[in-house]
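The structure under discussion appears below in the form of structure tokens.
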2 protein chains.
Amino acid sequence: MTQTDPTSIRVAVSTVIVALRPHPDTGAPALWMPLVRRVTDPFEGSWALPGGWVGPDEGLEDSAAARLRETTNVQPRYLEQLYAFGDVDRSPSRVVSIVYWALVHPDEAESVPDDWNVRWFLADEHPALAFDHDRIVEYALWRLRNKMSYSRIAQAFLGDRFTLAELRGVYEAVLGRTLDPANFRRQVERTDAILPTDETTSGDRHRPARLYRSNPDLAYADNGPLTDTTTRTTTGATTLATVLPPRSTSNR
Amino acid sequence: MTQTDPTSIRVAVSTVIVALRPHPDTGAPALWMPLVRRVTDPFEGSWALPGGWVGPDEGLEDSAAARLRETTNVQPRYLEQLYAFGDVDRSPSRVVSIVYWALVHPDEAESVPDDWNVRWFLADEHPALAFDHDRIVEYALWRLRNKMSYSRIAQAFLGDRFTLAELRGVYEAVLGRTLDPANFRRQVERTDAILPTDETTSGDRHRPARLYRSNPDLAYADNGPLTDTTTRTTTGATTLATVLPPRSTSNR
DNA sequence: ACAAAAGTGTTGCGCCTACACCCATGC
DNA sequence: GCATGGGTGTAGGCGCAACACTTTTGT
């Protein structure tokens, strides 16, 4: 069982952060992600995912959250482990990266600096990244699009109160196609994922829209027995199942 | 970004191996997993998941496969990364474990020794395990049960040729409930996941059953952009979608 | 003949799609 | 009044669950 000395492997965390912001051309909601510019040797000057080393006294998720706050000043609404990348040649030195993905809503996105070190990019128009980060981003987006259809993570993109049109906009941005407003409404209202409030919008040049809020008793996603032993009231139900495929059943 | 020196963290791999074998009481197919007895200090004498250290020149999945062969003599039909566990206190020393899960079919299960060092246990009746391995096993089984409903991994439990009744038995064992043979047949036949052969069973005291084989052009699961850059012909389609929930839509 | 599992037919129901239509507000 | 999106109604179709029924073997 015991192999060669393993102390030469270092452990890092990185996070793919995704937020919804207006597309510069169309104005429609689109996926954006903040990237950081590398200032040290491997891939110096390239853009890369925010991250850093795991401290000796940090759990992995804690470490991801800490590096996130340090590098991009984000405290995400949703944070989930994506995958562990550990190919031998993915870095000049041997590094195993535990990669997380995070969803932030617009308020939080504001706190991210947009300067020489950190910049927001459209998720599908980012420059070539350092290390194997291109592949990682691609996988994160694939996972996001899949998970959208069987969880409530769409809500993690929005603020406290939102209209059904805004929620639908999230789905449309992530799935890349329009959805029927009438049918979307019925599907999402049949679940208990969101709760209506008494408030409505106003000032638009059309009928006011009711504002909804996330059901606080439900987590954004059901990660099963992995639910942190803390006080998460994860019930496994009501997910707005089949927004996704008009075409034949596809894998996840 | 750079934190304290991270060289004190060691990286290990472990694997939850699952196979289908008859239940000792009922004879019906049931989930079994081989565990190894620890022979060194932390948790010496306890049962634990097979695994070991990641070598400096090994990729993570290669390492998992290698440790698997060394400890349990298994070359699994299906191997997928499950999760990275890295809580600070999960081991006396600081260890980050990249955990995989593997499915083996009966032939391969034969090659696993069943002796003082390695023993097969019913998946839901195993003894208390070393480290956080109880939690890991629980998560692996949850993932297996979920993934069963939107992938073809059930076939990884079976040999080259199998009847629809055998395939249905896999689903029934994993999901823990019976399925209607007629509806199951139609659902699975509508996909191109399995192909009929000319062969049939014989010797049973009832009508012979046609033998099927896995469609070699399809991977057991679609892991998206993570598909190893090698020659996997992963097409993303035809998964036998809704065997699962008679009750309200549940999370994954 | 009978048991038992393989395999086929049929019906009902729920959900999803598409699209027509009404409602309430700003201008 | 009119444009615009919010919100409701409704008909068609597909897929699944349930279960009756036929087929083919071994004993």
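Each chain gets a letter, A, B and so on, in the order the sequences are listed, and its residues count up from 1.
- Closest contact between the side chain of A:Arg190 and the listed nucleotides C:dT10, C:dC16, D:dT8 involves C:dC16.
- Look at CZ on A:Arg185: it is 17 Å from C1' on C:dT17, rounded to the nearest Å.
- Atom CG in A:Leu179 sits about 13 Å away from atom C1' in C:dA18, given to the nearest Å.
- Note on B:Arg186: every side-chain N or O is 4.0 Å or more away from OP1 and OP2 of D:dA17.
- A:Leu164 places its CG atom 10 Å from the C1' atom of D:dG7, with the value rounded to the nearest Å.
- Taking atom CD of residue A:Glu166 and atom C1' of nucleotide D:dG5, one finds them 13 Å apart after rounding to whole Å.
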Would you be so kind as to tabulate the donor-acceptor pairs closer than 3.5 Å made by side chains of residues 119-127 of chain B, with sequence neighbours excluded?
none

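- Looking at A:Lys147 and A:Glu80, a side-chain N of the basic residue comes within less than 4.0 Å of a carboxylate O on the acidic one, giving a salt bridge.
- Side chain of B:Ala182, nearest nucleotide from D:dG6, D:dT10, D:dC19: D:dC19.
- Looking at residues two or more places apart in sequence or on another chain, you find no side-chain hydrogen bond (donor to acceptor under 3.5 Å, both in side chains) involving B:Asn73.
- Partners of A:Ser214 by side chain to side chain contact (heavy atoms under 4.5 Å, CB included), not counting sequence neighbours, listed by chain and number: A:Gln155, A:Phe162, A:Tyr220.
- Relative to the side chain of A:Ala165, the nucleotides D:dG6, C:dA6, D:dA18 differ in distance, and D:dG6 lies closest.
- For the pair A:Asp180 CG and D:dG12 P, the computed distance is 18 Å after rounding to whole Å.
- Shown here are the ring pair (Phe, Tyr, Trp, His ring centres under 6.0 Å) partners of B:Phe157, two or more places apart in sequence or in another chain: there are none.
- Counting to the nearest Å, the C1' atom of C:dT8 and the CG atom of B:Asn183 are 12 Å from each other.
- Salt-bridge formation is not detected for the pair A:Arg77/A:Glu108: no Lys NZ or Arg NE/NH1/NH2 atom is positioned less than 4.0 Å from an Asp or Glu carboxylate oxygen.
- Across residues 203-212 of chain A, A:Arg205, A:His206, A:Arg207, A:Pro208, A:Ala209, A:Arg210 each have a non-hydrogen atom less than 4.0 Å from an atom of DNA chain D (numbered order).
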Would you give me the side-chain donor-acceptor pairs under 3.5 Å for residues 21-33 of chain B, sequence neighbours excluded?
residue, atom, partner, partner atom, Å
B:His23, ND1, B:Asp25, N, 3.0
B:Thr26, OG1, B:Ala28, N, 3.1
B:Trp32, NE1, B:Arg21, O, 3.1
B:Trp32, NE1, B:Pro22, O, 3.4

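- The separation between A:Glu172 atom CD and D:dG5 atom P is 13 Å, rounded to whole Å.
- In this structure, A:Glu189 atom CD and D:dG9 atom P are separated by 12 Å, rounded to whole Å.
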